[in-house]
Amino acid sequence: MSDLSRLTSREATFITRRYQDYPGDSFTLERARATGAYESLKKAIATMTPDALVELVKASGLRGRGGAGFPTGNKWSFVPRDAFPRYLVVNDDEGEPGTFKDRELTERDPHAILEGILIAALAIRAERAYIYIRGEFGLGYRRMQQAVDDARAAGLVGRNIAGTDFSCDVFIHRGAGAYICGEETSLLDSLEGYRGQPRLRPPFPAVKGLYAAPTVVNNVETLANLPHIVAHGSDWFRTFGTQQSPGTKLFSISGHVANPGNYEVALGTTLGELIEVAGGIPGGRSLKAVIPGGASAPWVTDTSLPMSFEALAAAGTMLGSGAVVVMDDTTCVVRMAMINTRFFNHESCGKCTPCREGTWWMRKVLERLESGEGRPEDRGLLLELCEDLLPEKGAPASGRSFCPLGDSAAWSLRSIVKIFPEEFLAHVEEGRCPVRAGEEAREQEVRA
Amino acid sequence: MPLLRLAQERDGWVTAEAMAEIGDILGLSSAEVLAVASFYSMYHLKPKGRHVISVCHNLACNLMGAERVIEHLEDTLGVDSEGETTADGAFTLERAECLAACDAAPCLQVDYDALHAKMTPESVEALVEELRT
Ligand SMILES: Cc1cc2nc3c(=O)[nH]c(=O)nc-3n(C[C@H](O)[C@H](O)[C@H](O)COP(=O)(O)O)c2cc1C
Ligand code: SF4
Ligand code: FES
């Protein structure tokens, strides 16, 4: 067990440090400043050019924590050199099922995010930043707004920050309930006041984003890394994590574990270790499957997998947002598949037919299976429906849907059907859920 | 979107008059305002109860017993969970997708703000009683 405590020791964690040490008031400007907030910003303004900042972040190897894992420094360098104005847009729309780290960060350390925002704005030379915060986040919104107001009053946001000639104003926009707005181009449409539906890419936001101006969209956890990278350097940052996935990551662990919660550990920690960090599976049960990176990610059963972008990609799934949903042997996978698909169907924005119709059919078939009215051919039908949405073999990454939501629906469902073929069949043959039947029988035994 | 939020806070829901008003302010037709309002799940286009209870029915919450909580609420309030409002206008019950609080599963949100963690049939009943007063 000492090995496990090493994973979450003081030396191994920095993103969550402030609020782990000061849970009572980590979100206030006073506490944040007393624990070093805005020192990195001042250092960056005083000693670094925008280009040097971009190079520093490139060298650190920091990759986006919003889901796609794109290298942050590279993304910044795509902004054309002399097009102004340009914007930084902050993605705080956390909606990927299983993920709850951005909400925690926003509520407990808004100044870390804000300092990261200002450092990123300095690097890309943006004088305006917009935080798009999920509509359902009440406390998070109030904490973030308070942080911006307090920082502005202290001369840390707005014109001539900390008495220098760097200026950046920060505004908060509240969403109103739509998962698709977490996708960056939908988010921009929503920020402009429209229905949040994905845009055609290219042009990419870095070239033509908010109000057709160059725009960088970054996730809040990505930004919260920046003060630490500026303070300690890229070599220090690379002492955590793996070669291709440097740093630590906030993993949101939920489902059948003893202590669900967010845990900051180095990237590359194995799935099994992570589950142990969250207290393991309770009640002497065994593991059935894990969603390693939010509802969009294909499932896995191998707990020896290192939790890094590259290892999970090689295993045919993804690290995504870092949401780990643990399911023990009492879980009905058909039911979970139905819930997963129902989610994507509900959140499909309706823009393109393959996703809108495809997810609807998948959901209908799964509902039928779950209620015990499935047909023998349903498993094959589900796989066909998935293939209809996914790219043809050898085709470039994106499939037949307009945005990745459609791919995610098919990709995750296909993995479930492929890992548990017997369980789908058993639902048809027994006309009911075999897992639940087994559970009930066991309960009766215990009673008898 | 901020105007739609304001309108809903003022009137309890987004009325046709409010959408016309917003259209006037922004120079848009009511249809354009409606197109936006209808896209987002938090804007209510028909009257809602004094409190909206949104129960998460997504993966983690389901694993931890969300359906039992939803069924119990349906029975207690006498409404379905597809956005129905109680006859006395006190509550609207709806299902929510992941509320980004899966460590608190099964959880629910009241009026799109206060989160309530690790609900059980007993604790939702107590919550309803508390909200009633
Ligand atoms: C359907 C969909 C939903 C997404 N939801 C989120 C989200 O809730 N939060 C987020 O930060 N990124 C989300 N993303 C990823 C964003 O499009 C984008 O890659 C990210 O905000 C970039 O920031 P990063 O490079 O700092 O990770 C989503 C992507 C897709 C396709
Ligand atoms: S794939 Fe789905 S969510 Fe994406 S644009 Fe098409 S309909 Fe909308
Ligand atoms: S699944 Fe219910 S809060 Fe995430």
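Throughout, protein chains are lettered first and strands after them, A, B, ... in sequence-line order, and every chain is numbered starting at 1.
- Contact between B:Pro106 and B:Val69 at its shortest, heavy atoms only, is CG-CG2, 4.2 Å.
- Chain B forms the most heavy-atom pairs under 4.5 Å with one residue out of A:Gly177, A:Ala295, A:Pro260, and that residue is A:Gly177.
- The shortest distance between side-chain heavy atoms of A:Val290 and A:Val325 does not fall below 4.5 Å.
- Only the side chain of A:Ile291 comes within contact range of chain B, with heavy atoms under 4.5 Å apart.
- Highest contact tally toward chain A, considering only B:Ala60, B:Ala96, B:Ala101, is held by B:Ala101 [criterion: heavy-atom pairs under 4.5 Å].
- Looking at B:Val14 and B:Leu34, their side chains never come closer than 4.5 Å, going by heavy atoms from C-beta outward.
- Taking 4.5 Å as the limit, every side-chain heavy atom of A:Val333 sits out of range of all side-chain heavy atoms of A:Val435.
- Comparing B:Leu99, B:Val36, B:Leu4, B:Leu59 by heavy-atom pairs within less than 4.5 Å of chain A, the highest count is held by B:Leu59.
- With sequence neighbours left out, A:Ala337 forms a side-chain contact (heavy atoms from CB on, under 4.5 Å) with A:Leu366, A:Leu413, A:Ile416, A:Phe424.
- Chain B forms the most heavy-atom pairs under 4.5 Å with one residue out of A:Gly255, A:Ala178, A:Gly135, and that residue is A:Gly135.
- Using a distance-only test at 3.5 Å, with no hydrogens or angles considered, a donor-acceptor pair links the side chain of A:Thr317 to the main chain of A:Pro298.
- Side-chain contact between B:Cys61 and B:Cys107 is present, with heavy atoms from C-beta onward closer than 4.5 Å.
- In this structure, chain B has no heavy atom under 4.5 Å from any part of A:Val257.
- Here A:Gly196 is the residue among A:Gly196, A:Gly95, A:Gly98 with the most heavy-atom pairs under 4.5 Å with chain B.
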Between chain A and chain B, identify all donor-acceptor pairs below 3.5 angstrom, including backbone and side-chain atoms.
from     : atom 1 : to       : atom 2 : distance (Å)
A:Arg103 : NE     : B:Ala100 : O      : 2.6
A:Arg103 : NH2    : B:Ala100 : O      : 3.0
A:Arg134 : NH1    : B:Cys98  : O      : 3.0
A:Arg134 : NH2    : B:Cys98  : O      : 2.8
A:Gly135 : O      : B:Arg5   : NH2    : 3.3
A:Glu136 : O      : B:Gln109 : NE2    : 2.7
A:Arg142 : NH1    : B:Asp113 : OD2    : 2.8
A:Arg142 : NH2    : B:Asp113 : OD1    : 3.2
A:Arg142 : NH2    : B:Asp113 : OD2    : 3.4
A:Gly175 : O      : B:Arg5   : NH2    : 3.4
A:Ala176 : O      : B:Ser41  : N      : 3.4
A:Ala176 : O      : B:Met42  : N      : 2.9
A:Gly177 : O      : B:Ser41  : N      : 2.9
A:Gly177 : O      : B:Ser41  : OG     : 3.3
A:Ser190 : OG     : B:Tyr40  : OH     : 2.9
A:Tyr194 : O      : B:Tyr40  : OH     : 2.7
A:Arg195 : NH1    : B:Ala35  : O      : 2.8
A:Gly196 : N      : B:Tyr40  : OH     : 3.1
A:Arg342 : NH2    : B:His57  : O      : 2.8
A:Arg342 : NH2    : B:His57  : ND1    : 3.0

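- Looking at A:Cys181, only its side chain comes within 4.5 Å of chain B, counting heavy atoms on both sides.
- Contact tally against chain A (heavy-atom pairs below 4.5 Å) for B:Ala100, B:Cys98, B:Ala35: the top residue is B:Ala100.
- Side-chain atoms of A:Leu287 and A:Val326, non-hydrogen and from C-beta on, do get closer than 4.5 Å to each other.
- The closest side-chain heavy-atom distance from A:Cys349 to A:Ile180 is below 4.5 Å.
- At least one side-chain heavy atom of B:Met19 sits under 4.5 Å from a side-chain heavy atom of B:Leu45.
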>> A:Phe27 vs A:Asp109, test: side chain to side chain contact (heavy atoms under 4.5 Å, CB included). Steps then yes/no.
In response: CA-CA 5 Å; A:Phe27 53 87; A:Asp109 201 353; over 6 Å; no
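- Looking at B:Leu115, the atoms closer than 4.5 Å to chain A (heavy atoms on both sides) all sit in the side chain, from C-beta outward.
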